[in-house]
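For reference, the structure is listed below as structure tokens.
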Amino acid sequence: MDKPPHRFDTRLSHAGRAGTHALGFVNPALVRGSTVLQPSCAARLEAGAQRLDQALIYGVLGTPTHFALEDVIAEIEGGSRCQIVSSGLAAVTTPLLAYLKSGDHALIPDSVYGPTRQFCDGMLRGLGIETTYYPPCIDADGLAALLRPNSRVLYLESPGSHTFEVQDVPALAAAAHARGLAVLMDNTWGIHAFQPFRHGVDVSIQALTKYVGGHSDVLLGGITTNDPAHWERVRTAAMALGQYASPDDCWLALRGVRTLGVRLRQQMQSGLTVARWFAERPEVLQVLHPALPGAPGHALWRRDFTGACSLFGVVFQPAIRAEALHAMIDALTLFGIGASWGGYESLALPSSTIARSVSPPLPGPAARFHIGLEDPADLIADLTTAFAHLRGGA
Ligand SMILES: *Cc1c(COP(=O)(O)O)cnc(C)c1O
């Protein structure tokens, strides 16, 4: 009889440490290298035929350090193989290029990460690939009505960037599969809490820059698949594009991953504590946190997710002017103002520049908050003081 699989924290402690990765030390070795010396010409030919495997052929195809991280990310995502690339954005663009060619059509959620939209509107359009932005909360029938004979990719991102709409992934994936599309999903927010392959996703995209790195000092992406055909597609595109990530960064991500479970649990709790505080304030119209009871998308979140991260949105009363919101954020002393998230430190960012094509605008000025590992009581005290600036514009 099979042993029951180990639980998440146990797997995080042990994944990626098997065999050649470990060399006897606790941690996988940091291997830097371009050339891999082969014992003979025949061995060189044999190695070259194993480009889809974890074979030591040439640095750009991976070192033991890359393969160790690949194993860990595949484990977290519940997939079989993972291609490590240089950034989260590269993990977005590589599979889009793998599945789309000139004349094809892709469906992209209107709530998509901004640089993904720019890639579609710029590079993909230049290559003769059409994109349709669809409302992220569309149902399967609505999606089917948008499909064209040349539709090849359904792209998902759930919850949406800045606006946190939760998508009905299983229903949308089934509708797309019925018409032969590949289903690609940016699963960065749902890391570990959403198991993409159990919900019909073919290719799962992770910005490892966020919680896996966890310390705001690494840029990395992971593209995970769960069957050989999708793996070949993704791996072939990554090789053709020369995708490569520094082994030093992979090594830092491997260090980050060992504490991912405890960090995520703590940050989810602290995030919910701060989100509940926002929800009680009269200056706040709506908190966009799928794990908060009563928030938009909560029912789907409860159905499909087993947890949450600590990134959420806050919509303020429409009477509050953007200048007052900016003054409030400027007055925060424990929240940095900047892009990215998933580190140990808290961040705040106005959502004023988000682009949308088919969704209604947010009903008031909004901001995105990332809750780090500080004590939430201190964060709430900081927010309480800074909120005085909201009155000026109200
Ligand atoms: C940050 C982010 C990315 C891109 O990651 P980088 O490593 O910064 O390029 C992709 N998708 C989402 C949802 C993100 O938040």
Side-chain angles (χ1 to χ4, degrees), residues 69 73 76-77 82-97 108-120 122-124 133 136 153 155-167 169 184-194 196 201 203-224 238 241 243-246 248-250 252-253 256-257 264 267 271 288-290 297 305 308-313 336-343 345-351 353-356 367-372:
L69 182 61
I73 303 306
I76 293 171
E77 292 267 69
C82 172
Q83 172 73 40
I84 302 296
V85 293
S86 56
S87 67
L89 184 56
V92 170
T93 59
T94 302
L96 283 172
L97 289 172
I108 311 283
D110 206 24
S111 51
V112 76
Y113 174 63
T116 304
R117 176 184 289 267
Q118 286 156 22
F119 180 75
C120 294
M123 293 285 287
L124 290 190
Y133 292 100
V153 163
Y155 192 91
L156 305 166
E157 182 179 329
S158 179
S161 272
H162 280 272
T163 41
F164 300 93
E165 298 91 340
V166 182
Q167 301 196 267
V169 174
L184 279 47
M185 176 171 179
D186 186 330
N187 189 35
T188 302
W189 192 95
I191 175 127
H192 165 58
F194 185 85
V201 172
V203 179
S204 183
I205 292 158
Q206 274 291 341
L208 306 177
T209 306
K210 307 292 162 59
Y211 290 95
V212 169
H215 297 75
S216 303
D217 53 6
V218 165
L219 283 148
L220 275 182
I223 311 162
T224 305
L241 292 166
Q243 284 291 2
Y244 179 72
S246 160
D248 300 70
D249 289 345
C250 294
L252 283 170
V257 101
L264 274 175
Q267 286 179 266
L288 306 176
H289 191 321
F305 288 69
C309 67
S310 64
L311 185 81
F312 59 89
I337 303 170
S340 206
W341 41 282
E345 83 294 1
S346 291
L347 296 168
L349 197 66
S351 303
T353 57
I354 57 172
R356 294 288 183 265
R368 190 183 76 178
F369 292 87
H370 169 258
I371 304 305

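Whatever order the structure lists ligands and atoms in, that order sets their numbers, starting from 1.
Contacts of Ser158 classified as side chain to side chain donor-acceptor pair (under 3.5 Å), with partners at least two apart in sequence or in another chain: none.
Here the closest non-hydrogen pair linking Phe312 and Gly271 is CE2-O, 3.6 Å. The two residues Glu77 and Ser204 have their closest heavy-atom pair at OE2-OG, 2.6 Å.
Contact check for Ser86 versus Tyr244: no side-chain heavy atoms found under the 4.5 Å cut-off. Using a 4.5 Å heavy-atom threshold, the side chains of Val212 and Leu220 count as separate.
Remark: ligand 1 and Asp186 share an N or O pair separated by less than 3.5 Å (distance only, no angle test). In terms of polar-atom proximity, Ala207 is not counted as a contact of ligand 1, lacking any N or O under 3.5 Å from an N or O of the ligand.
Residue Trp341 places a heavy atom less than 4.0 Å from ligand 1.
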Is there a side-chain hydrogen bond (donor to acceptor under 3.5 Å, both in side chains) between Ser216 and Glu345? Walk through the geometry before answering. CA-CA 8 Å; Ser216 303; Glu345 83 294 1; 2.9 Å; yes

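What sits closest to atom 6 (P) of ligand 1 on the protein, heavy atoms only, is Gly88 N, 3.3 Å. Summary of contacts: the protein heavy atom closest to atom 1 (C) of ligand 1 is Lys210 NZ, 1.5 Å.
Here is the list of ligand 1 atoms found below 4.0 Å of a heavy atom in Leu89: 4 (C), 5 (O), 6 (P), 9 (O). Atoms of ligand 1 found under 4.0 Å from any heavy atom of Leu219 (numbered from 1 in listed order, with element): 7 (O), 8 (O). Atom numbering of ligand 1 starts at 1 in the shown order; those under 4.0 Å from a heavy atom of Thr209 are 6 (P), 7 (O).
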